[in-house]
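Residue numbering restarts at 1 for every chain, and letters A, B, ... go by the order of the sequence lines. Treat the numbers as computed from the prediction; the structure is a model and nothing was measured.
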There are 2 protein chains.
Amino acid sequence: MAESPTRTVDRALSLLGIVCDRGVVSLVEAARDADLSPSTALRLLRTLEAQDFIRRDGDGRYTPGVRIVQLGALALSNEPLVALAGDAMARMVEATGESCYLSVRGAGQSALYIAIVEGTHSVRHASWVGRSIPLKGSAAGAVLRGESKDGGYIVVKQGVEEDVTAIAAPVLAGKRVAAALSSVIPSYRVGDEQIERIGRLLVREASSIIGAPPPGSPTTTSASPQENPLRKEPPP
Amino acid sequence: MAESPTRTVDRALSLLGIVCDRGVVSLVEAARDADLSPSTALRLLRTLEAQDFIRRDGDGRYTPGVRIVQLGALALSNEPLVALAGDAMARMVEATGESCYLSVRGAGQSALYIAIVEGTHSVRHASWVGRSIPLKGSAAGAVLRGESKDGGYIVVKQGVEEDVTAIAAPVLAGKRVAAALSSVIPSYRVGDEQIERIGRLLVREASSIIGAPPPGSPTTTSASPQENPLRKEPPP
DNA sequence: AATCAATTTTCACTGGATGGCAATACCCCA
DNA sequence: TGGGGTATTGCCATCCAGTGAAAATTGATT
């Protein structure tokens, strides 16, 4: 975290994080976690509550409110990378049948899934948009830390999740790693040849994301706000 | 918005909303929207940036940051109603083939979709978790405003979206309307008999949500954090 | 009723938040 | 190139908004 100019806002945002992390929290717990006096925490929590970022349940404890959900979804729907990566991710899933993820650096030492296209196998890896995984020990994390050589792919077997093999390639904006494109596959289903094939596909698709032509409709789970609400699918 | 004890935090949260609403915004625009001096806005925006709630793009403008996405997703995954409603919503879609939505009151005069199970027809209504719709003019909105009689369903044809008919029933916590369960259907596909049938189904399923037994795996687009990442589907 | 912990209120105090203003940066046009 | 206009950033005097200790209130338990 960089130097922060407004202590009061800092404190309130920390409290917001605590409420969201814990899901349900009492005043004194939140105050303790934030290292604030209960009366200070109360006032700040009341401010968050006044704008619907948090709410109080029947027992007087604090839980996240609708405003944080709403702004989070808005933020995600406006994320340009999500739109740009849609076609590439769909192609990955079509070519491999495996779940495909787009992730960026998250808060602290984490990576954050910002788009997902699920695989088509009946046994497949499943996760969710908005999930954080550690930078350390994950393929996407290694890529986001700049550890892939010459834009190549990174493989992690037995990383942050058991029984899966993760392969990731960097989405580059110039020299900077903007995101990681990854596939996460049940380990029983991949040998070295398949890993290499998927790795090469990831590298190719990742390099198509920035500089790609203006996207059509995204096909990820984060549907575009402008999408026609009556969706017609192509015939099977 | 209720009376708010901490002006500084209020202002910062308003700025956060402005950045998320607009997607990309300059300092002076944000300051104008928030009715603040540019130097005050700068300082508050810097605080939001320091905790990754917003970030600056290459042109120095502000866009939402990963922290808001992360906390939004966390908040949603901890929302008890989403878990509770999963089975009911899946049953609705199985019985009708139409998209099913769970919504709660959002900020201001809005309703917020917090869970969605999409319909199975090739032409179906599509929307997204986190989307806000107006309370006025929508079936879910009417239900959330307490306008359904005796827990019955409300029908809106030609409401906030064209070409669709929305039917909603209240999810009650005691006497209080906790959420709205709704189906949104292309109007060409429903006559009065179908509307009545779906309406009655909605009422029945809505009444099963609170007081329902502990849920299994939610089947909505908001997967549970505890879900097994290797997902095995039943055979077709 | 007594005890304990959580929550809420009160209020003296001060330093953190403010915004006006100046400096700097940037863009556009003649 | 120079001028004009706007945006951004830094500085600093000012003051009141934010703080936290302490008291009061509430709620749960024995």
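Arg32(A) has its CZ atom 12 Å from the P atom of dA5(C), to the nearest Å. Following rounding to the nearest Å, Glu49(A) (CD) and dT7(C) (P) show an atom-to-atom distance of 13 Å. A straight line from CG of Leu36(B) to P of dA17(D) spans 14 Å, rounded to a whole angstrom. Straight-line distance from the CG atom of Asp10(A) to the C1' atom of dT19(D): 16 Å, rounded to whole Å. Atom CZ in Arg11(A) sits roughly 9 Å away from atom P in dG16(C) (whole-Å rounding). If you take CG of Leu27(B) and C1' of dG19(C), they are 13 Å apart, rounded to a whole angstrom. Residue Leu45(A) contributes atom CG, which lies 14 Å from atom C1' of dA6(C) at whole-angstrom precision. Taking atom CG of Leu44(A) as the reference point, atom P of dT9(C) lies 15 Å away to the nearest angstrom.
Not a single donor-acceptor contact under 3.5 angstrom links the side-chain atoms of Thr6(B) to the base of dG18(D). The base of dA17(D) is not paired with the side chain of Thr8(B) by any donor and acceptor separated by under 3.5 Å. No donor-acceptor contact under 3.5 Å links the side chain of Ser37(B) to the base of dG20(C).
If you check dA17(D), dT8(C), dT8(D) against the side chain of Arg7(B), the one that comes closest is dA17(D). Of the candidate nucleotides dT8(C), dA7(D), dA17(C), dA17(C) has the atom nearest to the side chain of Arg43(B). Listed nucleotides dG20(C), dA21(D), dT7(C) differ in distance to Ser39(A); the shortest reach to its side chain belongs to dA21(D).
Atom CG of Asp87(B) is separated from atom CE of Met89(B) by 11.0 Å, given to the nearest 0.5 angstrom.
Between Arg56(A) and Pro5(A), the residue whose closest nucleotide on DNA chain C is further toward the 5' end is Arg56(A).
Heavy atoms of Arg46(A) sit under 4.0 angstrom from primed sugar atoms or phosphate atoms, though from no base atom. Nucleic acid contact for Arg61(A): none, since no nucleic acid atom lies under 4.0 Å from a heavy atom of the residue.
Ion pairing between Arg22(B) and Asp33(B) holds under the 4.0 Å rule for side-chain N and carboxylate O.
Of the N and O atoms on the side chains of Glu118(B) and Ser99(B), not one donor lies less than 3.5 Å from an acceptor on the other residue.
Taking only side-chain nitrogens and oxygens, Thr40(B) comes nearer than 4.0 Å to OP1 or OP2 of dG19(C).
The number of heavy atoms from other shown groups lying within 6.0 Å of CG (Asp35(A)) does not exceed 12.
Every residue meeting the side-chain contact (heavy atoms from CB on, under 4.5 Å) condition with Arg56(A), not counting sequence neighbours, appears here in chain and number order: Glu49(A), Tyr62(A).
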